[in-house]
2 protein chains.
Amino acid sequence: MSGSRISTLGSALADPTRAAALAALLSGTAHTSGELARACGVAASTMSSHLGKLVDSGLVRVEAAGRYRHYRIASREVADLLERIDEVDLPETATPRRPSPGRDLSYARSCYDHVAGQLGVEIHDTFVDRGWVELDESDPNHHGVSLTDAGDRFLSQALGIDVAALATRSRRPMLRIDIDWTERRNHLAGAVAAELMTLMLEEKWLRRRTDKRVLTVSETGKAKLAEHFDIRV
Amino acid sequence: MSGSRISTLGSALADPTRAAALAALLSGTAHTSGELARACGVAASTMSSHLGKLVDSGLVRVEAAGRYRHYRIASREVADLLERIDEVDLPETATPRRPSPGRDLSYARSCYDHVAGQLGVEIHDTFVDRGWVELDESDPNHHGVSLTDAGDRFLSQALGIDVAALATRSRRPMLRIDIDWTERRNHLAGAVAAELMTLMLEEKWLRRRTDKRVLTVSETGKAKLAEHFDIRV
DNA sequence: GCGTCATTTCGACCCGGAGCGAAACGTGAG
DNA sequence: CTCACGTTTCGCTCCGGGTCGAAATGACGC
């Protein structure tokens, strides 16, 4: 039955060490087996065993690279799922009141290759409010989100992102919306969102912290976010 | 770290018996401890232990009812998450080619309280194609989906569903879209979708099979689906 | 070829937890 | 009150799997 699928995936997620490895990989960057072993505080052999299970389960994919092996999350779909699991609201969990330490840590973070967290939500809202995105009805079977002319203009003139060029060199969807309807917190994903985060990192608006998923906003970033998105950090 | 949340939830899902119990509960109806024990083929004491863990994890909620105790999925959000986990495409899993036995079994099924599966997708597509739903921009902080006048008219005239009355007696969102962007398969959820499925069951368009999640389309249903939604089963 | 280094495989240990039956608890019926 | 029945708790067994160190494998550089 379908239940066995759930338990199989659940088993893969059940171990704290594997979950820590996945959390590290959720930054979107690949890591070697040794890096992950050190990061999670276990022996290399232990991490090797865990990574084997994660690969078998289909959550993680591995590429040979000389004498190293690079592990990464298998797909954006998997990354999205893991983020959703990480954020789902479990009613009975006595809600450990995470506003205190949680606010700063979760204000901005990366989800695979795009910006999520509160900052991701605010960027999304700006795109919607200013009419830079619209529901794409052109193809009846493709209820996606597409960039408006105004959105395209903003990206090229203000940020120097050439969406047309991006489309030619990347086959993935240009723009998606990762949605959490129950929380009414959406953020942008897809190639454009990935490019946007890359730019923010390269231009040093954002910096990765030691925990690779957490992003901090620099002084430059505060100014730029206010200038371009009217976001006050 | 956030990883521990994932592993906690993973542990709750890791056991096949617990997964089977969750699958049974995903039909949206409540079940007693004994029913679930028989359905999953384990002793009552074993199921009691599993249900205790599921309640502790926040996935399941329980209500005392005389000398019975009714267990149900904790929230729609949890049901949505479980459905997503159940359907996520794990690349390396050697994709067991599910079209053969999967097609019939998954054509129509219930997800908590609304119709999902291929039929759910087709109903959603009809609502979109005919302009019965639209992106709700009225409240800038509420990027939901709302029924258009045409949609409201269809529901009341063709099916006798009074959306205004529904809104007064139910505080939950009238309409949501459960989205799987990567698969481009969306289906309708929310109070209206729940009411729609209830009507289809009462009017015997659909019938629950022994596996409570699976729905079969009756002859009446085929005619009605063709008439109202132009869906050929 | 040989040493080095990252990684995986093997063997041994041990703890968590899934399973059952029996007994205890709680509620409803007579 | 007492019995019947659904459910939970307890005590127990047993298996799976997470952990490590040691040894084997595979690549690179000299």
Side-chain angles (χ1 to χ4, degrees), chain A residues 1 3-25 29-74 92, chain B residues 1 3-25 29-72 92:
Chain A
M1 295 296 166
S4 76
R5 257 182 71 88
I6 289 193
S7 67
T8 302
L9 204 151
S11 300
L13 302 179
D15 182 79
T17 302
R18 280 197 292 275
L22 287 172
L25 291 172
T29 59
H31 293 270
T32 67
S33 177
E35 282 174 350
L36 291 169
R38 280 189 297 279
C40 301
V42 296
S45 58
T46 303
M47 183 51 70
S48 175
S49 162
H50 285 307
L51 290 172
K53 288 191 208 314
L54 289 174
V55 170
D56 285 345
S57 74
L59 291 173
V60 164
R61 132 178 85 89
V62 59
E63 299 162 10
R67 60 179 163 179
Y68 300 89
R69 300 186 71 186
H70 289 169
Y71 289 89
R72 42 167 46 93
I73 301 289
E92 199 63 15
Chain B
M1 295 291 167
S4 76
R5 257 182 71 88
I6 289 192
S7 66
T8 302
L9 205 152
S11 301
L13 302 179
D15 182 78
T17 301
R18 279 196 294 273
L22 287 172
L25 291 172
T29 59
H31 293 269
T32 66
S33 177
E35 282 173 349
L36 291 169
R38 280 187 298 277
C40 301
V42 296
S45 59
T46 303
M47 182 52 70
S48 177
S49 161
H50 285 307
L51 289 172
K53 287 189 210 310
L54 288 174
V55 170
D56 285 345
S57 73
L59 292 174
V60 165
R61 132 178 86 89
V62 59
E63 300 163 10
R67 60 178 162 182
Y68 300 88
R69 300 187 71 187
H70 288 170
Y71 289 89
R72 41 167 47 93
E92 199 63 15

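Order of the sequence lines fixes the chain letters, A, B, ..., with proteins taken first and strands second; residue numbering starts at 1 for each chain. All of these numbers come straight from a predicted model, not from anything done at the bench.
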- request: Round to a whole Å and report the spacing from CE of A/Met47 to P of D/dG18.
  value: 12 Å
query: Can you check whether B/Tyr71 has a side-chain N or O nearer than 4.0 Å to OP1 or OP2 of D/dT8?
result: yes
query: When you check the phosphate oxygens OP1 and OP2 of C/dC20, does a side-chain N or O of B/Thr46 lie under 4.0 Å from one of them?
result: yes
- request: Among the candidates C/dC20, D/dT19, D/dG6, find the nucleotide nearest to the side-chain atoms of B/Ala43.
  value: C/dC20
- prompt: To the nearest angstrom, how far is A/His70 atom NE2 from D/dA27 atom C1'?
  reply: 14 Å
field: Side chain of B/Val42 (C-beta onward), nearest among C/dG19, C/dT7, D/dT8
entry: C/dG19
task: Remember a base hit wins even if backbone is also touched, and classify A/Arg18 as base, sugar-phosphate or nothing at under 4.0 Å, heavy atoms.
output: sugar-phosphate
statement: To the nearest angstrom, the CG-P distance between B/Asp56 and D/dT8 comes to 12 Å
message: How many whole angstroms separate atom CG of B/Asp15 from atom C1' of D/dG17?
response: 14 Å
task: Report the distance from atom CZ of B/Arg67 to atom P of D/dT8, rounded to the nearest whole Å.
output: 14 Å
field: Sugar-phosphate only, base, or nothing, as touched by A/Ser49 at under 4.0 Å among non-hydrogen atoms
entry: nothing
task: Among the candidates D/dG6, C/dT8, D/dT19, find the nucleotide nearest to the side-chain atoms of B/Tyr68.
output: D/dG6
message: Considering every strand and a 4.0 Å limit on heavy-atom distances, what is the contact class for A/Ser33: base, sugar-phosphate, or nothing?
response: sugar-phosphate
- prompt: Where the side chain of B/Lys53 is defined as all heavy atoms beyond and including C-beta, which of C/dA18, D/dT8, D/dT19 is the nearest nucleotide?
  reply: C/dA18
- prompt: Looking at D/dT9, C/dG19, C/dT7, which one has an atom nearest to any side-chain atom of B/Ser45?
  reply: D/dT9
field: Atom-to-atom span, CG of A/Leu51 to C1' of D/dG17 - whole angstrom
entry: 16 Å
- request: Considering just the side-chain nitrogens and oxygens of B/His50, establish if one lies under 4.0 Å of OP1 or OP2 belonging to C/dG19.
  value: yes
- prompt: Separation of A/Leu36 atom CG from C/dA6 atom P, in whole Å?
  reply: 14 Å
